[in-house]
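This one's a predicted model, so the numbers in the text were calculated from it and none came from an experiment.
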Amino acid sequence: MKMKKLALISVLSLACVSLLWMSRAYSAANDDAEIRQLLDRWKKAFEAKDLNGIMSIYEPGQALVAYDIVPPLQYKGFDAYKKDYQEFLGQFDGPIGMEIRDLNIFAGDRVAFARGLERLSGTLKGGHKVDMWVRFTECYRKTNGHWLAIHDHVSVPADFDTGKAVMDLKP
């Protein structure tokens, strides 16, 4: 009788652990898919120069901090980062191209991040053509069951001998 109880408890314990693992695996796949959709929505809005669409992936308020490739050293808060995007988009004449490559997403229960490379192309208002790759890391927080970005970091490598950004590298 004791062996049957022990066997039953073991089977039930294993079933519970399996259900928890399956639930987390399902959740992780959903988190990955939701963040990929978020980035795809951002990419389409970026290419369309849709400022409100771009900003829809970011958490409103002061939690958002961004380190962009242009000064200042950091943008604190949603409004400051929105102004940065507005000024950036205003520099371009015509469409802007955006390609995301080498995307990796890592998601926990409430915090996640994505990293990869972005190719930016387009023509500035003065006629200068831009075609460059940057590195990005974006951090997310799950709020009310949905992911929103709370941190962006965009960078290019620097040449320490010249003190200048190296903007012609390609993957």
Side-chain angles (χ1 to χ4, degrees), residues 29-107 111-171:
N30 284 349
D31 291 338
D32 186 272
E34 184 179 343
I35 292 169
R36 285 180 189 278
Q37 290 171 356
L38 203 69
L39 286 168
D40 188 53
R41 196 171 77 230
W42 172 86
K43 177 187 176 297
K44 288 175 182 169
F46 189 88
E47 291 174 328
K49 296 192 218 177
D50 173 4
L51 183 60
N52 290 329
I54 290 169
M55 296 307 296
S56 73
I57 76 158
Y58 296 100
E59 185 171 290
Q62 293 303 306
L64 176 61
V65 174
Y67 305 148
D68 205 349
I69 60 172
V70 295
L73 196 55
Q74 62 182 341
Y75 294 89
K76 290 184 175 182
F78 182 90
D79 293 335
Y81 202 31
K82 184 175 183 177
K83 186 173 187 276
D84 173 44
Y85 265 116
Q86 185 174 22
E87 290 171 359
F88 178 81
L89 297 172
Q91 297 178 49
F92 284 84
D93 188 21
I96 299 175
M98 174 57 64
E99 175 185 347
I100 299 175
R101 189 182 290 181
D102 298 339
L103 176 62
N104 291 278
I105 297 170
F106 304 88
V111 178
F113 75 92
R115 67 177 182 214
L117 302 172
E118 294 174 347
R119 180 182 182 196
L120 168 68
S121 59
T123 304
L124 297 173
K125 289 199 172 177
H128 178 75
K129 302 256 186 225
V130 174
D131 189 356
M132 63 182 278
W133 286 90
V134 298
R135 307 171 291 196
F136 81 92
T137 303
E138 190 163 69
C139 302
Y140 310 93
R141 176 166 50 193
K142 190 178 270 189
T143 304
N144 297 324
H146 295 287
W147 294 106
L148 289 173
I150 59 167
H151 179 71
D152 265 352
H153 189 131
V154 182
S155 66
V156 294
D159 180 333
F160 283 107
D161 290 334
T162 65
K164 296 189 186 256
V166 181
M167 298 174 47
D168 60 351
L169 298 176
K170 298 183 181 359

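Checking Glu87 against Tyr85 by side-chain atom types alone, no donor-acceptor pair falls below 3.5 Å. Using modelled atom types and a 3.5 Å distance limit, the side chains of Thr137 and Arg115 yield no donor-acceptor pair. Neither side chain, Tyr67 nor Asp152, offers a donor N or O lying under 3.5 Å from an acceptor on the other.
A salt bridge between Asp40 and Arg36 is absent, with no side-chain N of the basic residue lying under 4.0 Å from a carboxylate O of the acidic one.
Here the side chains of Trp42 and Ile54 are in contact, with some heavy-atom distance below 4.5 Å. Residues Leu103 and Leu39 meet the side-chain proximity criterion, which asks for heavy atoms closer than 4.5 Å. In this structure the side chain of Arg119 never reaches within 4.5 angstrom of the side chain of Met98, judged on heavy atoms.
Here the CG-CD1 distance, from Asn30 to Ile35, works out to 11.0 Å after rounding to the nearest 0.5 Å. Atom-to-atom distance recorded for Ile69:CD1 and Phe136:CZ is 13.5 Å, nearest 0.5 angstrom. For the atom pair NZ (Lys142) and CD (Glu59), the distance works out to 14.0 Å, reported to the nearest 0.5 Å.
For the side chain to side chain contact (heavy atoms under 4.5 Å, CB included) with Trp133, the lone residue among Met167, Lys170, Glu118 that qualifies is Lys170.
Separation of the Phe78 and Tyr58 ring centroids does not fall under the 6.0 Å cut-off.
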